[in-house]
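Just follow the structure's listing: the first ligand is 1, and inside any ligand the first atom is 1. For this chain, numbers begin at 1 and follow the sequence in order.
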Amino acid sequence: EPAAGGETSGGADDGVITLGFSQVGAESGWRAANTKSIQDTLTVDNGFELKFSDAQQKQENQIQAIRSYITQGVDVIAFSPVVETGWDAVLQEAKSAGIPVILTDRAVDSSDETLYESFIGSDFVKEGEMAGEWVVEQYDGEGYQAVELQGTTGAAPAIDRKEGFESAIEGSDVEIIDSQTGNFTRAEGKTVMEGFLNKHDDIDLVFAHNDDMGLGAIEAIEAAGMTPGEDIKIVTIDAVKDGMQALVDGKINYIVECNPLLGPDLAEIAQKVVAGEEVEKRIVVKDEAFDQAAAEEALPTREY
Ligand code: GYE
């Protein structure tokens, strides 16, 4: 039976929800776990047809993917915006086409909250604060000089983690002496850390906005003949398996978790949105934090 108005798709019509997902890229272990969670959850068995694209950390690729999902007339669009700003035009196009949008993982910076239905993800400011609070608790009074490996410039987790960390160390004698983006990748984390080590000979601590950049920093520190976790302390965010292993090995000192398993929440919200039900505008994912002992306990049963 043909659908009304020439519509060829529509979750309400054929029982299958076609969801177009525009992913940031494949920059980190976190991202790999996030992609897997989405692909494992939005399956045919669960009533979804998933269209997935990888933007390789480029906003223009994401905008193109979203436009193509609009043209294809998907039932729902979901995406994790690589940067915070510059989305209003394309989101307006989706709205005009009557296609609801769900944000996962990262937020957009837009004054018009009607452009999306819901935002599912962690509180990045809080993650940065938790990292900073631990640093102050451990090292305040020792005049620590810290370097910061920032995430992708303009990305919500980079902006917010920086802000949270800075506010937590305020009033302590921990000082950030240098800060640069490592784009959330291991390779760039290593290169930027090499630069920091050449420039400063008194680094006590690295705050990396994700595990991967921290793992890159470990390589740079070892190559410079120093012991990561001892000569230079390392604090990161994500708590993916490789990061947790480095924490167990004593090369990282503390990790604040960021849960990447957003597939189930996305599926639930998408089903409700397509059914025309009310959804929560903001779903905050809960995160823990790990020191070495906690990591040892958690690692064997870790899902990501
Ligand atoms: O921390 C990092 C990834 O947006 C929370 O993106 C995510 C961040 C995550 O590349 O590893």
Would you say Ile237 contacts ligand 1, with heavy atoms under 4.0 Å as the rule? no
Regarding Asn183 and Glu188, do their side chains bring together a donor and an acceptor under 3.5 Å, going by distance alone? yes
Per-atom contacts of ligand 1 with Pro157, taking only distances under 4.0 Å to non-hydrogen atoms: 4 (O)
Which residue and heavy atom of the protein sit nearest atom 9 (C) of ligand 1, plus the separation: Asp238 OD1, 3.5 Å
Decide whether Thr185 and Asp212 meet the rule of one side-chain donor and one side-chain acceptor closer than 3.5 Å. no
List every atom of ligand 1 that sits less than 4.0 Å from any heavy atom of Phe124, numbering the atoms from 1 in the order shown and giving each element. 5 (C)
Do Glu148 and Ser179 meet the criterion of a side-chain donor-acceptor pair at a distance under 3.5 Å? yes
Using a 3.5 Å cut-off and no angle test, enumerate the donor-acceptor pairs between side-chain atoms of residues 236-246 and protein atoms at least two apart in sequence or in another chain.
unit_1	atom_1	unit_2	atom_2	d
Thr236	OG1	Asp211	OD1	2.7
Lys241	NZ	Arg302	O	3.1
Asp242	OD2	Arg186	NH2	3.0
Gln245	NE2	Asp249	OD1	3.1

Have Asp112 and Ser110 got a donor and an acceptor in their side chains that come within less than 3.5 Å? no
Ligand 1 contact on Gln57 by region, counting heavy-atom pairs under 4.0 Å: neither
Could you check atom 8 (C) of ligand 1 against the protein and tell me its nearest heavy-atom contact, residue, atom and distance included? Arg106 NH2, 3.7 Å
Does a side chain donor of either Glu127 or His209 reach within less than 3.5 Å of an acceptor in the other side chain? no
With a cut-off of 4.0 Å, which atoms of ligand 1 are near a heavy atom of Phe184? 2 (C), 10 (O)
Measure the distance from atom 10 (O) of ligand 1 to every protein heavy atom, then report the residue, atom name and distance (to 0.1 Å) of the closest one. Glu27 OE2, 2.5 Å
On the ring face of Phe207, is Lys233 found with NZ or CZ under 6.0 Å from the centre and within 45° of the axis? no
Using a strict 4.0 Å cut-off to heavy atoms of Asn210, name the atoms of ligand 1 that fall inside it. 2 (C), 11 (O)
Atom indices of ligand 1, in the order listed, that fall short of 4.0 Å to a heavy atom of Ser28: 2 (C), 3 (C), 10 (O), 11 (O)
For atom 5 (C) of ligand 1, the protein heavy atom that lies nearest, with its residue and separation: Asp105 OD1, 3.2 Å
Verify whether one side chain among Gln64 and Ser68 offers a donor that lies under 3.5 Å from an acceptor in the other. no
Atoms in ligand 1 flagged as close to Cys258, the criterion being non-hydrogen separation under 4.0 Å: 5 (C)
